[in-house]
Structures are given as structure tokens and as C-alpha cells.
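Heads up: the structure comes next, in C-alpha cells.
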Number of protein chains: 2
Amino acid sequence: MARSKPNKKSEQIKFNAELTEAEWIVMKVIWENEPCTAGTVQEALANSKDWAYSTIKTTMDRMVNKGFLEIQKIRNLQLFSSAISEVDAKRGEFRKMLQRAFDGALTPMMQFLIEHEGLSKAESAQLRKLVNKAKNRKD
Amino acid sequence: MARSKPNKKSEQIKFNAELTEAEWIVMKVIWENEPCTAGTVQEALANSKDWAYSTIKTTMDRMVNKGFLEIQKIRNLQLFSSAISEVDAKRGEFRKMLQRAFDGALTPMMQFLIEHEGLSKAESAQLRKLVNKAKNRKD
DNA sequence: TTGCATATTCGACAAGTGTCGTATAGTCTC
DNA sequence: GAGACTATACGACACTTGTCGAATATGCAA
């Protein structure tokens, strides 16, 4: 009851985070290496992204402003950590898609998957297994 | 084999269309009313969106440039029709999400759905039914 | 202390998006 | 043909996103 009322907007952000393309790429590295510096992120991405240091740093600074990352300062080093969880980010991305393309309804999306995304026999078997497991969870 | 080589880029657009938020909203109206005018779209959205006529028209013109809509001119009237299918748009949106949040892998997404999106008992039952139906399709 | 090697700060720029306002041009009706 | 309407054509503006470069500040080795 007496829980200090959290900012509605920021909760919204936390639980339904919407990252941009570049932010997703950076975020994945953060989740695997946090806390880490911008330089570390650059190195981690060296193979896949030919980004200048400042590109990465700017992106990360913006993410701090948006509340996606947090900075912990040591000397003149900035160690970045995630301020949102992987689950929240995934949920945000998933729900945005669901809202836009399926008006927020899950079942039509499933229908679509099966009808148009050609679930292979293996995949649907897998799915079936998952679903059965889900059967024994909360309702 | 002798199929005249189609433009790779435009195929990409067609089969994996990526619409913006506003474009999705307009597109849904188009799919339901095509061919129709910008004015018709505005009226159809009157309840949900308080958009100026020019806002809608600009958006639609841009969609024509991107190849998402087509114009058929009658007198000085422009009748807009979709140039991409609902399925293609949905696929585009779905795949973008899948790529970003799940590195393109379906199974982890399913796992996520069940673990974190709290599929209700009814939903998982539904899902199970769909999956079983899918079992009898191609592999 | 001098100076390299890093980090950080900041401003910039081109595209793309959301949103309009306004100037024009086409039609239809008197 | 003139006026009233309706559409169209266009340019504009603020913001966001992807990308940097350059200037400045720090820490450490020689």
C-alpha cells in the first residue's frame, strides 16, 4: 500500500521499452558485458559494425537520457549498465509489433504465423511441446 | 528459369514491407476501403485521429513514393489503392521484431511468449489447436 | 613535467517522420 | 464567366535517428 507512487511514464518505459535499431545492437552487448565502457562495446561490435567510437558513444549517451542505460563513474571512466531488462525490451518490441500489425490480438498473430510463416513440422512440434508445458501454469 | 529478373530491392520491399506508425494506421483504412481518396481516409479516422487533411495527404503521398500505395486518377480525383498486401506488411513487421528482439529465431520467441507474456489457459488451448492443425501441413 | 593514448564532450548533418498551413488548380452551379 | 467548393501541390518545422569529427580533458609512463 504505502509504496511510494512511482512515475507512471517511467514505468511505462521500463516495462514496455522501445529501442531503436542501433539501440538494440548496443543493448545486447551491454547485457552481456555490463558494466562496461563504450570502448568495450565498440570492440565487441568490431566484427559486425564498423562504427566510429563517437557513434557508439553518442548512441549510448542518448540511451542514458532515455533511461535505458545507467552510468557509474570511476575516475574519468564511465561504466555503463542496463537500466531495463532484456525481458522488458523484448516485451516492448513484441507488443509494438502486435499492436501495429494485429491490433494487439495474440490469436490472429498465431494464426498468421501458421498460415503464412510456414512453421515447419519441427517447429510446430516444438511449439506444441511448449504449449503443453504452459498448460500447467497459471491462468 | 527464364523469369525476367525482378528488382531485388523492390521485391524486398514488397515481401517485407516496413511501415511507420502513421503508415500502418492509414494502410489499414486503405485495405478496407480501397480504392479510396484521402478524404475518405480522413473521415474513416475521424473518431480516432484528429489529423488535418494535409497530414493524411502528405503521409499518403509519401507512401506512394515508397511504393506502398498506388494512385489511379479520375478527373482531378486521386483514388489510392494498396500496392502491398496485408500479409506482406504483417510479415515485415513480424520479422523486424523477430530479428531485433530474438535474433530471428522463432522458438525463443515462443518460449518468451509462454514464460513472460502469460498466455492464459484459453489462449494456450487456442494455440494448441492451431498447432495441431498446422501439424497436417507441409513440412 | 611533458606528452602520448584514451575518454569525454559537443556540435553537426542528412534522412526520415509526424504534422500542418497555404497557395493553386479543377469542377460545378448560377 | 464568377464564385464557392473541393482537391492537390508544396514547402515548412520540430524531432528523432544514424553517423561522425574535432576540441578538450585525464591518467600514466618515461
Side-chain angles (χ1 to χ4, degrees), chain A residues 9 13 17-30 33 35-46 48-81 89 92-93 96 99-100, chain B residues 9 12-13 17-30 33-46 48-81 89 92-93 96 99-100:
Chain A
K9 180 70 162 294
I13 288 180
E18 288 192 11
L19 309 181
T20 68
E21 189 60 30
E23 287 170 351
W24 263 105
I25 294 171
V26 167
M27 208 54 166
K28 287 178 182 172
V29 176
I30 300 281
N33 302 72
C36 66
T37 70
T40 304
V41 173
Q42 184 181 29
E43 281 157 27
L45 292 174
S48 52
K49 292 287 169 185
D50 195 27
W51 276 338
Y53 171 85
S54 53
T55 296
I56 292 178
K57 186 59 163 54
T58 298
T59 299
M60 291 173 75
D61 287 342
R62 287 175 180 168
M63 290 170 81
V64 170
N65 283 328
K66 294 183 181 179
F68 294 156
L69 292 183
E70 277 168 358
I71 288 181
Q72 165 192 6
K73 200 155 186 170
I74 293 182
R75 303 291 240 165
N76 77 325
L77 267 232
Q78 294 177 316
L79 286 185
F80 293 80
S81 310
E93 193 69 26
K96 183 176 59 179
Q99 193 53 55
R100 284 185 171 182
Chain B
K9 182 72 164 293
Q12 194 59 27
I13 289 181
E18 287 191 13
L19 309 181
T20 68
E21 189 60 30
E23 287 171 350
W24 263 106
I25 294 171
V26 168
M27 207 55 162
K28 287 178 183 173
V29 176
I30 301 280
N33 302 72
E34 63 185 323
C36 65
T37 70
T40 303
V41 173
Q42 184 181 28
E43 282 156 28
L45 293 174
S48 53
K49 292 287 169 184
D50 196 27
W51 277 337
Y53 172 85
S54 53
T55 297
I56 292 177
K57 186 58 164 54
T58 299
T59 299
M60 292 173 73
D61 286 342
R62 287 175 180 169
M63 290 170 81
V64 171
N65 283 327
K66 293 183 180 178
F68 294 156
L69 292 182
E70 276 168 358
I71 288 181
Q72 164 191 7
K73 199 155 188 171
I74 294 183
R75 301 293 240 164
N76 77 324
L77 267 232
Q78 294 176 316
L79 286 184
F80 294 80
S81 310
E93 194 68 27
K96 183 176 57 182
Q99 193 54 55
R100 282 185 171 182

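Below, read A as the first sequence line, B as the second, and so on, with proteins coming before strands; counting in each chain starts at 1.
Base engagement by Ser54(B) is indicated by at least one non-hydrogen atom pair under 4.0 Å involving a base atom. Contact annotation for Glu23(B): no contact, since no heavy-atom pair falls under 4.0 Å across all strands. Nucleic acid contact class of Thr37(A) (heavy atoms, under 4.0 Å, all strands): none. As judged by a 4.0 angstrom heavy-atom cut-off over every strand, Lys57(B) is placed among residues touching the sugar-phosphate backbone only.
OP1 or OP2 of dC20(D) sits under 4.0 Å from a side-chain N or O of Thr55(A). Listed pair Trp51(B) / dT19(C) meets the phosphate criterion, a side-chain N or O lying under 4.0 Å from OP1 or OP2. Note on Thr59(B): every side-chain N or O is 4.0 Å or more away from OP1 and OP2 of dT19(C).
Of all non-hydrogen atoms in Tyr53(B) and Gly39(B), the two that sit nearest each other are CE1-N, 3.8 Å. Closest approach of Ala38(A) and Lys57(A) over heavy atoms only: CB-CD, 3.8 Å. The shortest non-hydrogen separation linking Leu69(B) to Met27(B) is CD2-SD, 3.6 Å.
A donor-acceptor contact under 3.5 Å is formed by the side chain of Arg62(A) with the base of dT19(D).
Atom-to-atom, CD1 of Ile74(B) to C1' of dT27(C) comes out at 15 Å; the value is rounded to the nearest Å. With rounding to whole Å, Leu79(B) atom CG is found 11 Å from dA7(D) atom P. When rounded to the nearest whole Å, the span between CG of Leu69(A) and P of dT8(C) equals 13 Å. The distance from atom CG of Asn76(B) to atom C1' of dT24(C) is 12 Å, rounded to the nearest whole Å. Rounded to whole Å, atom P of dG16(C) lies 11 Å from atom CG of Asn65(B). Spacing between atom OH of Tyr53(A) and atom C1' of dT9(C) amounts to 10 Å, rounded to whole angstrom units. Protein atom CD1 of Ile56(A) is 10 Å distant from nucleotide atom P of dT19(D), rounded to whole Å. dT26(D) atom P lies 12 Å from atom CD of Gln78(A), rounded to whole Å.
With Gln42(A) as the partner, the side-chain contact (heavy atoms from CB on, under 4.5 Å) test is satisfied by one option alone out of Thr55(A), Val26(A), Ile56(A), Val29(A): Ile56(A).
For the pair Lys49(A) and Ala38(B), both in contact range of DNA chain D, the more 5′-proximal nearest nucleotide belongs to Ala38(B). Of the residues near DNA chain D, Ala22(A) and Lys73(B), the one whose nearest nucleotide (by heavy atom distance) lies more toward the 5' end is Lys73(B).
Minimum atom distance to the side chain of Leu77(A) is reached by dA7(C), of the listed dA7(C), dG27(D), dT9(C). Considering only the side chain of Arg75(A), dC28(D) comes nearest among dT27(C), dC28(D), dT17(D).
Residue-environment remark: CG (Asp50(A)) stays at or below the threshold of 12 foreign heavy atoms within 6.0 Å.
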